[in-house]
Amino acid sequence: MPELPEVEVVRRGLAKWAAGRTVARATVLHPRAVRRHPAGPDDFTHRLTGATLAAPHRRGKYLWIPLAQDTAMVAHLGMSGQFLIRPEGAPAEKHLRVRFVFDDTEGTDLRFVDQRTFGGLSLHETVPGDPEQLPQPLAHIARDPIDPAFDDDAFHAALRRKKTTIKRALLDQSLISGVGNIYADEALWRTKLHYDRPTASLTRPRTAELLTHIREVMGDALAAGGTSFDSMYVNVNGESGYFDRSLDAYGREDEPCRRCGTPIRRRAWMNRSSYFCPRCQPAPRPSS
DNA sequence: CTTTTAACCTGCCTGC
DNA sequence: TGCAGGCAGGTTAAAA
């Protein structure tokens, strides 16, 4: 479950069901799942053995779990990654990639399941003195819009100086993290902005509106347990969120805009799709 | 230097 | 039924 609300649902599940537990044994069933771990699968499992999982943190779509004073396990769900808390005896999922067995008597294990293998786990040093024990590789990831330390003014200034379009900017994790294809389309629809609008043309009030809508749609989605179109995106207990029923733009091609009734359109865009209302979100005047 | 494209994977759905 | 092609919520190395 890839975007910020879905990852936050997972983080909360880990906080409840995995934090504080000590790993008795870690098993890597598919080496690609730990390809971002520099020292390889054997080092990964060896270093996790005996490690106690601290409370999980999140920035944007990235999760991390501090293990010791200066080490944390980073997790990214990619397009199809899941963390599942399962009964120890439950049969292996078809796409089970990494399994953690604990030294306690709770009777459950922790599994990283990932059909498309774009996600992965890895161990990294943390930024010295960082209160959240941020892993070094995440230092370049921007704070996300629901982080109290997110700087709205700096974000607007960055948009103004970029030579790009608004949806590309929203998906740039070094400018603002946690926004993906669904919530970008939803926030743009709520703000009545076209995805190809040049960022340099945005006024400060427009940027403020956009940020407000990003926060609102993510808050709404979180309250609904996230967005799930199928069993691919689930919480640690395997349950789907139901925000898909509340989407206004994403996935609604040819269905009437909930504001003006005009059919929502889908456009091929950067090897994926953009959904928008052609009336509420008119295309910007072509530049040059 | 910044911006854009193509590639990385598996599985499902549609149309021929 | 089979098969090709398109599509899917992610990042990122390489090219422009």
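Within every chain, numbering begins at 1; the chains are lettered A, B, ... in the order of the sequence lines, protein sequences first and strands thereafter. Keep in mind that what you see is a predicted model, and the values were worked out from it rather than measured.
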Taking side-chain hydrogen bond (donor to acceptor under 3.5 Å, both in side chains) as the test, write out the residues that go with [X], two or more places apart.
| X | answer |
| --- | --- |
| Asp196(A) | none |
| Tyr183(A) | Glu6(A), Thr227(A) |
| Asp104(A) | Arg21(A) |

If I pick the [atom1] atom on [M] and the same atom on [N], what distance separates them, to the nearest angstrom?
| N | M | atom1 | answer |
| --- | --- | --- | --- |
| dC1(B) | dT11(C) | P | 23 Å |
| dA7(B) | dG5(C) | P | 15 Å |
| dT12(C) | dG11(B) | C1' | 23 Å |

If you check the [X] side chain, which of [options] turns out closest?
| X | options | answer |
| --- | --- | --- |
| Asn181(A) | dT11(C), dC7(C), dG9(C) | dG9(C) |
| Lys61(A) | dT5(B), dG9(C), dG10(C) | dG10(C) |
| Arg36(A) | dT12(C), dG9(C), dT5(B) | dT12(C) |
| Glu3(A) | dC7(C), dG9(C), dT5(B) | dG9(C) |

Problem - Verify same cluster id: Leu121(A), Phe102(A) (apolar side-chain graph, 4.5 Å) - result: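 Yes: a chain of side-chain contacts under 4.5 Å links Leu121(A) to Phe102(A).
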Practice task
Decide if atom CZ of Arg279(A) counts as having more than 12 heavy atoms of other residues, nucleotides or ligands within a radius under 6.0 Å.
Solution key: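 For Arg279(A), atom CZ is not crowded (no more than 12 foreign heavy atoms under 6.0 Å).
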Problem - More than 12 heavy atoms of other groups within 6.0 Å of Arg25(A) CZ - result: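 For Arg25(A), atom CZ is not crowded (no more than 12 foreign heavy atoms under 6.0 Å).
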Would you kindly give the [atom1]-to-[atom2] distance between [X] and [N], to the nearest whole Å?
| X | N | atom1 | atom2 | result |
| --- | --- | --- | --- | --- |
| Ile176(A) | dG10(C) | CD1 | P | 14 Å |
| Met79(A) | dC7(C) | CE | C1' | 9 Å |
| Leu247(A) | dA8(C) | CG | P | 14 Å |
| Leu4(A) | dG9(C) | CG | C1' | 13 Å |
| Asp114(A) | dG10(C) | CG | P | 14 Å |
| Asp172(A) | dT12(C) | CG | C1' | 12 Å |
| Gln82(A) | dG9(C) | CD | P | 16 Å |
| Tyr250(A) | dC7(C) | OH | P | 12 Å |

How would you list, by chain and number, every residue that makes a side-chain contact (heavy atoms from CB on, under 4.5 Å) with [X], sequence neighbours excluded?
| X | answer |
| --- | --- |
| Arg47(A) | His37(A), Asp43(A), Thr71(A), Leu123(A) |
| Asp153(A) | Asp151(A), Arg204(A) |
| Ser274(A) | Lys167(A), Asp185(A), Tyr195(A), Trp269(A) |

Problem - Under 3.5 Å donor-acceptor, Gln173(A) side chain and Gly178(A) backbone - result: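 It does hold such a pair.
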Practice task
For the pair Asp109(A) (side chain) and Val101(A) (backbone), establish whether a donor and an acceptor sit closer than 3.5 Å, ignoring hydrogens and angles.
Solution key: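 Not a single qualifying donor-acceptor pair exists.
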Exercise for the section: Please work out the stems of DNA chain B from pairs that are Watson-Crick or G-U wobble with both distances under 3.5 Å, keeping only runs of three or more consecutive pairs. Expected result: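 Output for stems: B:2-8 with C:10-16, B:10-16 with C:2-8.
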Practice task
Could you tell me whether Arg11(A) sits above the aromatic face of Trp64(A), with NZ or CZ closer than 6.0 angstrom to the six-membered ring centre and within 45 degrees of the axis?
Solution key: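 No.
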Listing time: all N or O pairs from protein to nucleotides 14-16 of chain C that are below 3.5 Å?
none

Handout entry: Contacts of type ring pair (Phe, Tyr, Trp, His ring centres under 6.0 Å), residue Phe100(A), not counting sequence neighbours
Key =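 Scan of Phe100(A) (ring pair (Phe, Tyr, Trp, His ring centres under 6.0 Å), adjacent residues dropped) gives none.
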Handout entry: Contacts of type ring pair (Phe, Tyr, Trp, His ring centres under 6.0 Å), residue His95(A), not counting sequence neighbours
Key =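 Not a single residue meets the ring pair (Phe, Tyr, Trp, His ring centres under 6.0 Å) criterion with His95(A).
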Exercise for the section: Report the residue from Lys162(A), Arg168(A), Lys163(A) that forms a side chain to side chain contact (heavy atoms under 4.5 Å, CB included) with Thr199(A). Expected result: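 Exactly one pass, corresponding to Lys162(A).
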Practice task
Assign a letter to each nucleotide of nucleotides 7-16 of chain B from its 5' end: B, base within under 4.0 Å of a protein heavy atom; S, sugar-phosphate only; -, no contact.
Solution key: -BBBS-----
Practice task
Taking only the side-chain nitrogens and oxygens of Ser273(A), find out if one of them lies under 4.0 Å from OP1 or OP2 of dA8(C).
Solution key: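 Affirmative; the distance criterion is met.
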For nucleotides 1-4 of chain B, list the nitrogen or oxygen atoms of the protein found under 3.5 Å from its nitrogen or oxygen atoms, one pair per line.
unit_1, atom_1, unit_2, atom_2, d
dT3(B), OP1, Lys163(A), N, 2.8
dT3(B), OP2, Lys162(A), NZ, 3.3
dT4(B), OP2, Arg168(A), NE, 3.2

